[in-house]
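See structure below.
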Amino acid sequence: MRNRNVLLGCSALLAVAAAYEHSAAETCTFDSDASCAARTVGDSEADETPLLQLRASGNLEVDSHVNRSYTYEVEKVTAFAALVKFTYCSAAEGVAKSLAATCGSSSDPTAGNKGYCELAGVRIHSSAVRTILMADGNSSQALSGFVGRMVATADNPKVQPGCVFAIRGTWEDTNNYLRNQQIQLVKSAYGDCTECLVHSGYQEVWKLLEPAAQNLFDALNCTKQDPLYLMGHSMGGAVATMGMYALKTQGWNIQPSITFSSPHTGNQAFVQELQRLVGGSTDAVAVVRVTLGKDLVPITPRKGDYAFTWPEVYFSSKTDAKAMKLCWNTSCGIAAQSNHCGVGACNDHLANPIAPNDDLAIFKDYTGACVWGLGAASNQNLPKVAQQDASQQMAWMAKAIQPKVAKCDGDWQPAAGSRAVYRTTVVPRLGAPWMNITSASGTSAHLVMAR
């Protein structure tokens, strides 16, 4: 492994070091005059949703001068929902194996196959996953996610193979809540759009995550030419949208992507510039938003000149994937609902019929999924907390998954999520502390520590 430099906080260094050791169906097109008939996709897990059936209505009211069109592909949404769910394992040691089991291929029985990526024509191998767990201020486990590399399992995959960066949403007992409340619209730190304003808190979160992500892109040989998908749920979706813009301005091959229950990221100028950069025009599709029920989060912040990205895939049912609409403006979908409920009043923020177990965060068996790497499926029932409001679910998750955070001031130490042991040496370099991380097998990485 080549030497690599990255700016990281102490709590993330060994988690990153662990990364070095690991070294179809018919298409329905929607436009202003079209609707889509029901489609059915089989699911190979008997205990999961038996059939992923989606029907999109033609409730597409758009400005007459705008020629909008979008090809809805249930295979892509299904695969991305499964990937995003594993961010809530918070970089636990079983994430890589579970991703391979859930997003595997039937052509390789040893990889496992749960059906969530098979019809999209891609898979992720456990050796092609790197996790992130890092601090934000005094919150040692505030930011988490993973980078993975997808390879094709079909001649014409629905998802172009490439790299993915999935980002976890708000986590209990961290300053994620503070970042959510930093709603001031500030000038984007990226690109040359002078009118593009973005959410202050989410831009700061992206600034913290970007160096770690860039390092893991290197570890998986993800280059600027490779297709790159950013995705996330809740705050993670907003930060992913911010990241798409930031990386695209730096020349990365950012692909249109999907976010789930995501709040706003920026103003109308930002949305249009993102769409121009990613899709080629200000009316192109860059981010598809998936929402459900009366969830309040996707229409926040409600102060300031924030704007939606379009289209929106809106589910009105927590368990019936056929109860879906494709929306192009606020007269349809989540914004058209009344009596929205916050995370402390309902569970609409985490529930979703397209996700494994009909939930974007809660697993039937957290230990099996996040620690032992058995994938999303289980013979168990969902824990009773899945019927409670989203706030109670998030508090329960924080107790169920408590990643071990290694300290950086020792000599030989175990790295989080790996059986490898790393030796750390801190020396001055270029005016900043410099840490050399060497595994017992000889793999090394050079990292610049944040002050």
Side-chain angles (χ1 to χ4, degrees), residues 6-13 15-16 84 87-88 90-91 130-147 164-191 196-217 228-250 252 254 257 259-267 270-271 274 287 289 297-298 300-301 304 306 309 343 349 360-361 394 397-398 403 405 450:
V6 65
L7 183 67
L8 286 176
C10 179
S11 65
L13 286 170
V16 173
V84 164
T87 64
Y88 284 100
S90 298
R130 306 291 188 271
T131 61
I132 292 174
L133 180 65
M134 60 184 297
D136 180 5
N138 60 0
S139 299
S140 62
Q141 301 174 23
L143 308 178
S144 187
F146 66 83
V147 174
V164 300
F165 181 23
I167 304 170
R168 189 187 66 189
T170 301
W171 195 247
E172 195 77 3
D173 296 327
T174 69
N175 64 1
N176 287 175
Y177 291 95
L178 174 63
R179 294 301 189 188
N180 286 328
Q181 294 168 8
Q182 293 173 337
I183 64 173
Q184 310 96 301
L185 281 165
V186 299
K187 188 178 184 304
S188 170
Y190 304 90
C196 291
L197 302 178
V198 297
H199 188 287
S200 172
Y202 299 150
Q203 179 162 255
E204 290 306 308
V205 170
W206 174 253
K207 288 179 180 179
L208 291 171
L209 279 172
E210 184 177 7
Q214 296 268 14
N215 186 72
L216 299 191
F217 294 156
L228 177 59
Y229 304 85
L230 276 72
M231 62 193 75
H233 169 259
S234 191
M235 182 189 81
V239 175
T241 304
M242 182 72 248
M244 290 176 65
Y245 179 81
L247 292 176
K248 186 63 179 179
T249 63
Q250 299 170 37
W252 286 83
I254 300 298
S257 193
T259 63
F260 299 84
S261 307
S262 171
H264 297 303
T265 304
N267 66 354
F270 167 80
V271 169
L274 174 66
V287 178
R289 295 179 297 112
V297 173
T300 61
Y306 283 94
T309 61
V343 295
H349 188 54
L360 285 161
M394 289 187 287
M397 284 189 293
V405 180

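The chain is numbered in sequence order, starting from 1. Note that the structure is predicted; figures quoted are calculated from it, not measured. For the numbers below, each heavy atom of this structure counts, side chains included, while hydrogens, waters and symmetry mates do not.
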Checklist entry - Hey, does the side chain of S144 reach the backbone of I132 with a donor-acceptor pair shorter than 3.5 angstrom? => result yes
Checklist outcome for this item: Minimal heavy-atom distance between V198 and S188, with the atoms involved, is CG2-CA, 4.1 Å
Next on the checklist: Tell me which pairs pass salt bridge (charged side-chain N to carboxylate O under 4.0 Å, His left out) where either residue lies in residues 236-245, with sequence neighbours left out.
Outcome noted: none
Checklist entry - Are side-chain heavy atoms of M231 and T259 found at a separation under 4.5 Å? => result no
Checklist entry - For the residue pair W206 and F165, does the interplanar ring angle fall in the parallel (under 30°), tilted (30 to 60°) or perpendicular (over 60°) class? => result tilted
Item to check | Pair Y306-H199, side chain to side chain contact (heavy atoms under 4.5 Å, CB included): steps then yes or no | outcome: CA-CA 9 Å; Y306 283 94; H199 188 287; 3.4 Å; yes
Next on the checklist: Whether the Q141 and E172 side chains hold a donor-acceptor pair (N or O, under 3.5 Å, no angle test) is what I'd like checked.
Outcome noted: no
Next on the checklist: So, taking the atom named CE in M244 and the one named CH2 in W252, what distance separates them when rounded to the nearest 0.5 Å?
Outcome noted: 14.5 Å
Checklist entry - Under the side chain to side chain contact (heavy atoms under 4.5 Å, CB included) criterion, do L197 and F270 qualify, and how do the steps go? => result CA-CA 6 Å; L197 302 178; F270 167 80; over 6 Å; no
Checklist entry - When rounded to the nearest 0.5 angstrom, what is the spacing between CE in M242 and CD1 in I167? => result 11.0 Å
Item to check | Straight-line distance of E204 CD to R179 CZ, nearest 0.5 Å | outcome: 5.5 Å
Checklist entry - Between S261 and V297, which heavy-atom pair has the shortest distance, and what is it? => result O-CG1, 3.6 Å
Checklist entry - Taking C-beta and beyond as the side chain, do Q214 and L247 meet within less than 4.5 Å on heavy atoms? => result yes
Checklist outcome for this item: Between the CG atom in L208 and the CE atom in M134, the distance rounded to the nearest 0.5 Å is 5.5 Å
Item to check | Distance-minimising heavy-atom pair for D136 and A142 | outcome: CB-CB, 3.6 Å
Item to check | No-hydrogen, no-angle side-chain donor-acceptor test under 3.5 Å, S139 and N176 | outcome: no
Checklist outcome for this item: Here the gap from L274 atom CG to T249 atom OG1, rounded to the nearest 0.5 Å, amounts to 10.5 Å
Checklist entry - Are the side chain of T174 and the backbone of T170 linked by a donor-acceptor contact shorter than 3.5 Å? => result no
Checklist entry - L185 and N267: which non-hydrogen atoms are nearest, and at how many Å? => result CD2-N, 4.2 Å
Item to check | Results of salt bridge (charged side-chain N to carboxylate O under 4.0 Å, His left out) for R168 - residues two or more places apart only | outcome: none
Next on the checklist: Quiz question: by atom type and distance under 3.5 Å, do the side chains of Y202 and Q182 form a donor-acceptor pair?
Outcome noted: no
Item to check | Test item: Y88 and M397 side chains (from C-beta on) under 4.5 Å apart, heavy atoms | outcome: yes
Next on the checklist: Please determine whether side chain to side chain contact (heavy atoms under 4.5 Å, CB included) holds for the pair I254 and L230, giving the CA-CA distance in whole Å, both sets of side-chain angles, and the decisive distance to 0.1 Å.
Outcome noted: CA-CA 8 Å; I254 300 298; L230 276 72; 4.1 Å; yes
Item to check | Pair T87-H233, side-chain donor/acceptor within less than 3.5 Å | outcome: no
Item to check | Backbone N/O of A238 and side chain of S262: donor-acceptor pair under 3.5 Å | outcome: yes
Checklist entry - Would you say the side chain of H264 lies within less than 4.5 Å of the side chain of T300, judging by non-hydrogen atoms? => result no
Checklist entry - For T309 and R289, which heavy atoms make the closest approach, and how far apart are they? => result O-NE, 2.7 Å
Next on the checklist: Please report the interatomic distance CH2(W171) to OG(S234), rounded to the nearest 0.5 Å.
Outcome noted: 12.5 Å
Checklist entry - For I183, does its backbone N or O pair with a side-chain atom of S200 as donor and acceptor, under 3.5 Å? => result no
Next on the checklist: Aromatic contact between Y190 and Y245, with the criterion being ring centroids under 6.0 Å apart: yes or no?
Outcome noted: no
Item to check | Nearest atoms (heavy-atom pairs only) where V239 meets V205 | outcome: CG2-CG1, 3.8 Å
